[in-house]
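Step one of this worksheet: look at the structure below.
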Amino acid sequence: MSGTRRKALLVSAALVGGTLLLTACGDSDKAAGAGAAKDAVATAPAGNAAGATPNGSTAENAAKGSEEGADKGSSGQVADKGTGNGGDKGGASGQGKGPDGSGVDRGDGVRVPVQQSCGANDISWSTRAETQAGGYILIMAKAKPGITCVLPNKYPVVAFGSDGTEASPAEHAVGKSITLSGNKTAYAGVNPKTTNTDYYKELHSIIVAPEQGDSDPAELKTGPIRVDKPIVTNWHTSAKDAVPFN
């Protein structure tokens with residue numbers, strides 16, 4: 001074999017060997033790359049779980065959410081309980097008051113209704129002549145329908161004519177206040193002339209009010225009466241107690 005041919009064979013062998021070596025290296029690199037990729041895929045969940053740890057795991061978040069929900073629920077219960085107790089306390093503090101909560105405190109926190117004093121226009125008035133004790137006029141007072149009022153514990157104001165003549169008290173004792181309502185009647189007796197002289201003035205009516213200062217006194221027809229130093233009793237609930245003895 002000539003030298004030229006031998007060189008050609010060596011060169012060919014060298015080329016083939018280099019090619020095989022490169023192929024083997026390429027396959028090894030591919031295999032290594034594939035293995036690394038598989039390892040990366042296999043370790044990825046662990047990495048993700050580790051990465052989630054700073055932000056809190058799902059279990060931890062769920063527990064925290066449960067705790068927060070429980071806290072909020074407890075707060076709601078406390079608010080509801082507080083409101084309920086407040087309402088109960090409010091109701092308790094309102095005990096003892098009148099239906100509308102009005103009136104006057106009697107000193108122990110309990111309010112009592114304020115009673116209305118009778119005005120002349122709250123009363124249905126009437127009179128009649130009596131013969132006892134030398135003759136006198138019996139005044140009768142009843143509250144008008146739907147009205148409840150109180151007469152003072154003293155005698156009514158009874159005036160005669162335009163000259164300002166008023167009846168003086170026939171009783172020295174203080175009377176009792178009387179509450180008028182419905183058919184309840186109060187009585188007062190007027191003796192228009194208590195003197196034995198021939199001096200008098202003759203009138204046919206009297207002017208009456210429950211007490212001084214009434215802006216709308218009532219004028220009551222009496223028939224002819226002789227007036228001189230008149231007297232009047234306190235208010236009474238019985239007609240027989242309203243006789244004006246001089």
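Owing to the predicted nature of the structure, the values given are computational and were not obtained by experimental measurement.
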To check you understand the geometry: which heavy-atom pair defines the closest contact between [X] and [Y], and what is its length?
{"X": "G189", "Y": "Y136", "result": "CA-CD1, 4.1 Å"}
{"X": "N234", "Y": "E171", "result": "N-OE2, 2.7 Å"}
{"X": "P217", "Y": "A209", "result": "CB-CB, 4.1 Å"}
{"X": "A188", "Y": "P156", "result": "CB-CG, 3.8 Å"}
{"X": "V243", "Y": "A133", "result": "CG1-CB, 3.9 Å"}
{"X": "V150", "Y": "S177", "result": "CG1-CB, 3.8 Å"}

What's the spacing between [X] [atom1] and [Y] [atom2] if we round to 0.5 Å?
{"X": "K229", "Y": "Y199", "atom1": "NZ", "atom2": "OH", "answer": "10.5 Å"}
{"X": "M140", "Y": "S124", "atom1": "CE", "atom2": "OG", "answer": "11.5 Å"}
{"X": "K240", "Y": "L138", "atom1": "NZ", "atom2": "CG", "answer": "14.0 Å"}
{"X": "N191", "Y": "I231", "atom1": "CG", "atom2": "CD1", "answer": "5.0 Å"}
{"X": "T197", "Y": "D228", "atom1": "OG1", "atom2": "CG", "answer": "5.0 Å"}
{"X": "K142", "Y": "T185", "atom1": "NZ", "atom2": "OG1", "answer": "4.5 Å"}

*K176: partners by salt bridge (Lys or Arg N to Asp or Glu O under 4.0 Å), with sequence neighbours left out*: none

*Sequence neighbours left out, what passes salt bridge (Lys or Arg N to Asp or Glu O under 4.0 Å) with E130? Give chain and number order.*
R128

Is it true that a side-chain atom of [X] and a backbone atom of [Y] form a donor plus acceptor pair closer than 3.5 Å?
{"X": "T194", "Y": "P230", "answer": "no"}
{"X": "H236", "Y": "D241", "answer": "yes"}
{"X": "K144", "Y": "N121", "answer": "yes"}
{"X": "D122", "Y": "G119", "answer": "yes"}

*asked:* Could you tell me if K201 and T165 have a donor-acceptor pair between their side chains, going purely by distance under 3.5 Å?
replied: yes

*Other than V190, what residues sit in its cluster of Ile, Leu, Val, Met, Phe, Trp and Tyr side chains whose heavy atoms are under 4.5 Å apart, directly or through others?*
I123, W125, I137, I139, L151, Y155, V158, F160, I178, L180, L203, I206, V208, L220, I225, V227, V232, W235

_CG/D216: more than 12 non-hydrogen atoms of other groups inside 6.0 Å_ = yes

